[in-house]
Amino acid sequence: MPFTILDPPLPSFAQFRYLRRYGGKLTMLRRMEIDLISKLDLSGEVLDFGGGETANYRRYLPQDLTLRSVNISEEFSPTDLVAVDDPIPFEDSRFDAVVTFNTLEHIYDDRGSLADITRVLKPGGALHIIVPWMYPVHGHPDDFNRHTPSWWAATLAGLGYEEVSLLPLVFGRRTSALLIKGRGDKLVRGLVETAAAALDILEARVRFGSAGAYSGRRGQTVWSSAPGWYIKAMKATDV
C-alpha cells in the first residue's frame, strides 16, 4: 500500500493573517483543521463519525451533502445516537465518504471503530481523519490514543485501504508549543501568539528559504512534533 507523509507548507505572514480570520479565540491547530475541512472534496452520501449538527465544523462542510452522523452524545445532535461500543447502525458499503474529526483519540478500541467505518464505506470511497498528535490530554469523556505515522500506515493497510497520505498539521514549533504551555491570559493571548508565529515564520525563511514546505530531515524535526495529523485513505475497490 502506498503511504505518503506530505510535507506541510512553510508558514508565512499571509497564511497567519488568513488563518486568524477563523477567530482569535481558536488555537492555531483548530484554525488549520477548520480551513482543511472547508476545502475537502465531498459529495454523495457522507457519514460524520463522532459529529453532528452542532459540531463546530459542521457549517464548513458542503451544505448540499446527504450527511448522516453518529455520536454517543445528544449534545452534538447527531442523526443517529449510538451507545459506547455499539456498531455503526448502517449497512455495508453504504457511504461515498466518511469523515471523523478529533474523535478516534477518545475511543479505546479505535482500530475496532476503524474496521466498522471501513465496513460502511463503499469500495473506492474516501476516509478523512483528523486526530491530535502532540496535544494535551483532554477527556470527552476519556482520552486514550496518540498514534505515529507508522501505526496509521500499518493499520489502514491491514483494513484494506490504499493511497494513504498523512499531512502533519503544523505552523511551527513555537506556535505548537503554545498548545502545551498555554497562550497566556486573554489580555495578551493575541500578542503571544503573534510573536510565536513571527518567530516560526522567520526561522522557516532562514532554514528553508524558498522551499515552500517543511522538507527533508530538517523539516521532520518540525512536523514530527505537529499538534495533529490529517489522514486521507482510499478504500480499495476490491475489498
Side-chain angles (χ1 to χ4, degrees), residues 1-6 30 32-74 76-107 109-132 145 147 149 151-169 228-239:
M1 177 202 73
F3 177 77
T4 305
I5 298 178
L6 302 173
R30 189 68 70 187
M32 289 189 290
E33 290 178 350
I34 290 175
D35 188 56
L36 187 153
I37 290 167
S38 71
K39 296 173 181 175
L40 290 180
D41 182 15
L42 298 170
S43 60
E45 189 169 22
V46 176
L47 174 66
D48 181 3
F49 181 82
E53 285 302 309
T54 61
N56 59 8
Y57 56 81
R58 174 64 184 92
R59 64 192 178 101
Y60 296 100
L61 292 172
Q63 297 304 304
D64 58 350
L65 288 177
T66 302
L67 188 68
R68 300 297 295 263
S69 54
V70 295
N71 205 306
I72 64 171
S73 174
E74 294 181 351
F76 294 96
S77 301
T79 60
D80 294 84
L81 193 66
V82 297
V84 175
D85 297 327
D86 274 4
I88 298 170
F90 299 109
E91 65 273 18
D92 296 358
S93 302
R94 170 164 175 173
F95 294 98
D96 297 288
V98 177
V99 300
T100 179
F101 305 138
N102 299 312
T103 295
L104 290 170
E105 72 272 20
H106 300 296
I107 299 174
D109 181 18
D110 55 349
R111 191 188 185 284
S113 292
L114 284 166
D116 205 25
I117 286 170
T118 304
R119 176 185 63 80
V120 301
L121 181 62
K122 291 179 180 178
L127 170 59
H128 302 272
I129 300 168
I130 291 176
V131 285
N145 301 305
H147 295 306
W151 186 93
W152 286 107
T155 299
L156 293 171
L159 290 172
Y161 287 89
E162 57 187 8
E163 300 180 37
V164 177
S165 63
L166 182 147
L167 174 66
L169 299 177
W229 308 134
Y230 162 60
I231 301 113
K232 179 181 179 181
M234 305 299 295
K235 184 177 176 180
T237 56
D238 58 353
V239 172

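Sequential numbering from 1 along the given sequence is applied to the chain's residues.
- Contact annotation: the side chain of Ile117 never approaches that of Phe95 to less than 4.5 Å [non-hydrogen atoms, C-beta and beyond].
- Contacts of Asp110 classified as salt bridge (charged side-chain N to carboxylate O under 4.0 Å, His left out), with partners at least two apart in sequence or in another chain: none.
- Annotation: Asp92, atom CG; neighbour count of heavy atoms from other residues, nucleotides and ligands within 6.0 Å is above 12.
- Applying the salt bridge (charged side-chain N to carboxylate O under 4.0 Å, His left out) rule to Lys122 yields the partners Asp96; only residues at least two apart in sequence or on another chain are considered.
- Looking at residues two or more places apart in sequence or on another chain, you find no salt bridge (charged side-chain N to carboxylate O under 4.0 Å, His left out) involving Glu163.
- With values rounded to the nearest 0.5 angstrom, Phe3 atom CZ is found 15.0 Å from Glu162 atom CD.
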Which atom pairs, one a donor and one an acceptor, fall under 3.5 Å between side chains of residues 62-74 and the rest of the protein, sequence neighbours left out?
from: Gln63; atom 1: NE2; to: Arg59; atom 2: O; distance (Å): 3.4
from: Gln63; atom 1: NE2; to: Leu61; atom 2: O; distance (Å): 2.8
from: Arg68; atom 1: NE; to: Thr79; atom 2: OG1; distance (Å): 3.3
from: Arg68; atom 1: NE; to: Asp80; atom 2: OD1; distance (Å): 3.3
from: Arg68; atom 1: NH2; to: Asp80; atom 2: OD1; distance (Å): 2.8
from: Arg68; atom 1: NH2; to: Asp80; atom 2: OD2; distance (Å): 3.3
from: Ser69; atom 1: OG; to: Thr79; atom 2: N; distance (Å): 2.9
from: Asn71; atom 1: OD1; to: Ser73; atom 2: N; distance (Å): 3.0
from: Asn71; atom 1: ND2; to: Gly50; atom 2: O; distance (Å): 2.9
from: Asn71; atom 1: ND2; to: Gly51; atom 2: O; distance (Å): 3.2
from: Ser73; atom 1: OG; to: Glu75; atom 2: N; distance (Å): 3.1

The test is side-chain contact (heavy atoms from CB on, under 4.5 Å); show your working for Trp152 and Leu114 and say whether it passes.
CA-CA 11 Å; Trp152 286 107; Leu114 284 166; 3.8 Å; yes
How far apart are the C-alpha atoms of Lys232 and Leu127, what are their side-chain angles, what is the distance that settles it, and do they pass the side-chain contact (heavy atoms from CB on, under 4.5 Å) test?
CA-CA 6 Å; Lys232 179 181 179 181; Leu127 170 59; over 6 Å; no
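- In terms of the side-chain hydrogen bond (donor to acceptor under 3.5 Å, both in side chains) criterion, residue partners of Tyr230 (sequence neighbours excluded) are, by chain and number, His128.
- Partners of Phe101 according to the ring pair (Phe, Tyr, Trp, His ring centres under 6.0 Å) rule, which considers only residues two or more places apart in sequence or in another chain, are Tyr57.
- For the pair Val82 and Pro89, the minimum side-chain heavy-atom distance is below 4.5 Å.
- Side-chain contact between Leu169 and Leu36 is present, with at least one heavy-atom pair separated by less than 4.5 Å.
- More than 12 heavy atoms of other residues, nucleotides or ligands sit less than 6.0 Å from atom CG of Asp109.
- Remark: the Tyr161 side chain and the Thr155 side chain contain no N/O donor-acceptor pair separated by less than 3.5 Å.
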